[in-house]
Amino acid sequence: MGGGGAAGSVKDVQSKGELDGLRQSGATLILHFWASWCEASKQMDQVFSHLSTDFPNSHFLRVEAEEQPEISEEYSVSAVPFFVFFKDGKVVDKLEGADPSSLANKVAKVTGSINPGEAAAPASLGMAAGPTVLESVQDLAKANGSSQMGNQVQTGLDDKIKKRLQQLIDSHPVMLFMKGNPEEPKCGFSRKVVDILKDEKVKFGTFDILSDNEIREGLKKFSKWPTFPQLYCKGELLGGCDIAIAMHESGELKEVFRDHGVDIIGTEQGTGGILEPTGLTANLNSRLQSLINSSPVMLFMKGKPGEPKCGFSHKVVEILKQEKVDFESFDILSDDEVRQGLKVYSNWSSYPQLYIKGELIGGSDIALEMQKSGELKRILTEKGIIKEETLEDHLKSLISSSPVMLFMKGTPDNPRCGFSSKVVNALKEEGIDFGSFDILTNDEVRQGLKVFSNWPTFPQLYYKGELIGGCDIVLELRNNGELKATLSE
C-alpha cells in the first residue's frame, strides 16, 4: 500500500517491524486480527475488504493472530476477530467480535468521515461495503426507534464494552475507578477517595483506569462523568473526589453505605477488604489462588480441552498433550469475575494462561517456544510433574516421531555428507515422505544411537521404529525396486 493507502486493498502484515513502521508514519491504520480456522473472522474479513474500498485514504491491515504472536500479545488480542484503530501513531479504538455495523462506524469515525457520536449513514459507507453492513446499520437504527441508533451509537460504545463496564461496576458493592491502586495511587484525588473509604471502614474494589484505555474512555461515556476517580455504590455513581469529600464530611456517605447494606470491615465478612498489592478483594484473591493451585499444571483457557473456543487455547492444549502432561483447566468464558480478576492478579492481559506449581508460565507463544527449546520439559521434570526422560526414552521418541525417520548429517535440503545426500535423493525419487534429525547438532543422540541400534555409522534409516539400515542397504533396496514397498508395509 502507498502512503495514502491503496484503494480497495488489504495488506497482510508480516512482522512487528513492518507494523511499527506504518504506525510511525502517522497514517490512519485499521488492523484486523483474524484466524483461518474462525468462520466469524472470514465473514468480517469480507466486510473489512469492502470497507477498504470505501475509505481508500486509510491503511487496512490484516494480521494472522496465531502466526504473529508478538503483535497479538502487544495489543492484548485474546480472541478473533479483533480490530485495532490507529491515528497519528496512537491506538484510538478497539473492537472485539463480529459486528459489521460497529466496524463500519468505527472505521468512519477514525477516518474523520463522520462526527463522534453519530452513526455512519449508509451513504457515507458507499456501496462497496455491501448489503451486510448496510442492513446491519439500518436494523440497529430501527431497533432503537430512530436513525440515531440509541445509546449504542450516541455513547460510541458497543454492547460488549457496555457489558464489561457494567460487570466491573457491579463486581463490588463499593467500586472505585481510580488512577493506580489503593497502595499506590497515581493522583492526589484518587488518594483522597481511598483514604475516605478506609476511614469509613468499608470494603471496596478498585480498577486502575491507567491500565486499560478502553475502560478509561468507555467509562467516561457510560457514566457521563468526564473525570476520575469515579465512586460507585451498588451500581450507582456517587461522583468524584469533591462529592466523596463532601458526603464524607457531612456523614451522608456513611448513611448511603448503611442504607445499601455495605459491609463494614470487622463485621462477619471482614475478610473481603482490599488486599495489597493487586487491589483485588481478599475473597477473590483467595479464590484465584485456590484455582491456580488446584492442579500442578493449570490452564486458564477459552472453552474446554475437548472444545477450545480459540486457536491460542487449542495450541496450549495440544502442547500439553504432546508432553503427556495431566492438567486441569478453567473456562474463563464461564466466569467473568475470574476472567477479569486473573488479568490483574497475574499482570497478564490475555488468555490462555498456563501455570505450573502455582507459577505463571505465560501464554501460547511462550509455551510453544519453551516446548521447542526443551525448556518446558525441563521445568515439568524439575517440578516432578513428569519423570526425567532417559537417553533411551529420548531415542525411542525420536525414532518414532515419523513413520519413516532418517538420522543423517545435515538436513534434507543441505546434506553434510555424500552418504546422507544419496539416501535423501533415493527417498525423494521414490516419493517417500520422511522425517529427519541432524545428528551433527546433538552429540549425545549421535553417540547414543550407535549403541542403541548397534549400527556404528550414519545415515540410519528407520521405518515404524525398526532399523532398515544405512546408505548401502537403502540404495540396494531402491535398485531392486523394493524400497517403496519396504517402507509401506
Side-chain angles (χ1 to χ4, degrees), residues 13-20 31 33-38 41 63-80 82 84 91 94 96 211-212 278 288-289 291-305 307-333 338-386 388-389 394 397 401:
V13 176
Q14 302 298 332
S15 69
K16 182 177 181 297
E18 180 184 4
L19 177 58
D20 290 344
L31 188 60
F33 290 88
W34 75 296
S36 57
W37 51 265
C38 178
S41 283
V63 172
E64 180 87 30
E66 295 176 5
E67 299 301 323
Q68 301 288 344
E70 186 180 10
I71 303 177
S72 298
E73 287 291 339
E74 180 173 356
Y75 298 104
S76 302
V77 179
S78 56
V80 290
F82 189 91
V84 183
V91 175
K94 294 181 179 180
E96 179 178 350
S211 68
D212 192 318
T278 63
L288 294 174
Q289 285 183 337
L291 284 170
I292 289 170
N293 292 302
S294 62
S295 174
V297 180
M298 187 68 189
L299 178 63
F300 292 85
M301 62 180 289
K302 293 185 176 181
K304 300 175 181 179
E307 192 178 351
K309 293 297 177 64
C310 81
F312 301 111
S313 294
H314 177 72
K315 273 190 177 179
V316 179
V317 168
E318 288 304 306
I319 287 170
L320 294 175
K321 287 181 178 178
Q322 288 166 12
E323 296 293 337
K324 298 178 181 177
V325 176
D326 291 329
F327 66 98
E328 296 295 330
S329 68
F330 184 93
D331 180 4
I332 52 93
L333 298 178
V338 171
R339 180 181 185 177
Q340 303 304 334
L342 195 60
K343 293 179 181 180
V344 178
Y345 181 94
S346 64
N347 194 29
W348 193 272
S349 60
S350 60
Y351 290 97
Q353 293 183 18
L354 177 63
Y355 292 78
I356 296 178
K357 287 292 182 77
E359 294 183 11
L360 176 65
I361 299 300
S364 61
D365 57 333
I366 291 179
L368 183 59
E369 286 302 314
M370 290 179 68
Q371 185 196 33
K372 288 180 178 178
S373 68
E375 181 71 6
L376 183 60
K377 187 180 292 292
R378 183 187 66 77
I379 290 176
L380 292 168
T381 302
E382 288 181 354
K383 299 287 187 181
I385 294 166
I386 61 175
E388 186 171 3
E389 187 179 53
H394 184 46
S397 178
S401 61

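In this text, all values refer to a predicted model and were calculated from it rather than measured experimentally.
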Kindly list each side-chain donor-acceptor pair under 3.5 angstrom involving residues 322-333, sequence neighbours excluded, with atom names and distances?
from: Gln322; atom 1: OE1; to: Gln371; atom 2: NE2; distance (Å): 2.8
from: Glu323; atom 1: OE1; to: Lys377; atom 2: NZ; distance (Å): 3.0
from: Asp331; atom 1: OD1; to: Gly303; atom 2: N; distance (Å): 2.9
from: Asp331; atom 1: OD1; to: Leu333; atom 2: N; distance (Å): 3.0

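- A 4.5 Å side-chain heavy-atom check between Ile366 and Leu354 finds every atom pair outside the cut-off.
- Taking Tyr355 as the reference, Phe300 meet the ring-ring contact (aromatic ring centres under 6.0 Å, His included) condition, with sequence neighbours excluded.
- Residue Glu318 holds its CD atom at 12.0 Å from OG of Ser313, rounded to the nearest 0.5 Å.
- The shortest non-hydrogen separation linking Gln353 to Ser346 is OE1-OG, 3.1 Å.
- Atom NZ of Lys357 and atom CD1 of Ile385 lie 5.5 Å apart (nearest 0.5 Å).
- Counting only distance, with no hydrogens or angles, the side chain of Ser397 and the backbone of His394 share no donor-acceptor pair below 3.5 Å.
- To the nearest 0.5 Å, the span separating NE2 on His314 from NZ on Lys302 amounts to 15.5 Å.
- One finds the CG atom of Asp20 at 8.0 Å from the CD1 atom of Ile71 (value rounded to the nearest 0.5 Å).
- The OH atom of Tyr345 sits 4.0 Å away from the CD atom of Gln289 when rounded to the nearest 0.5 Å.
- Partners of Lys383 according to the salt bridge (Lys or Arg N to Asp or Glu O under 4.0 Å) rule, which considers only residues two or more places apart in sequence or in another chain, are Glu359.
- With contacts defined as side-chain heavy-atom distances shorter than 4.5 Å, the pair Phe312/Ser72 qualifies.
- The minimum heavy-atom distance between Gly358 and Ile292, with the atom names listed, is CA-CG2, 3.7 Å.
- Residues forming a salt bridge (Lys or Arg N to Asp or Glu O under 4.0 Å) with Glu74 (at least two apart in sequence, or on another chain): Lys16.
- Ring pair Tyr75/Phe33 is tilted by interplanar angle, where 30° to 60° counts as tilted.
- Here Gln340 contributes atom CD and Asp212 contributes atom CG; the two are 8.5 Å apart, rounded to the nearest 0.5 Å.
- Minimum interatomic distance between Pro352 and Val316 (heavy atoms only, all atoms of both residues): CG-CG2, 3.7 Å.
- Contacts of Ser211 classified as side-chain contact (heavy atoms from CB on, under 4.5 Å), with partners at least two apart in sequence or in another chain: Phe207, Asp208.
- For Lys94, the NZ atom is densely surrounded, since the number of other residues' heavy atoms within 6.0 Å is greater than 12.
- Remark: the backbone N or O of Met298 is not paired with any side-chain donor or acceptor of Ser295 at under 3.5 angstrom.
- With sequence neighbours left out, the side-chain contact (heavy atoms from CB on, under 4.5 Å) criterion links Glu382 to Arg378.
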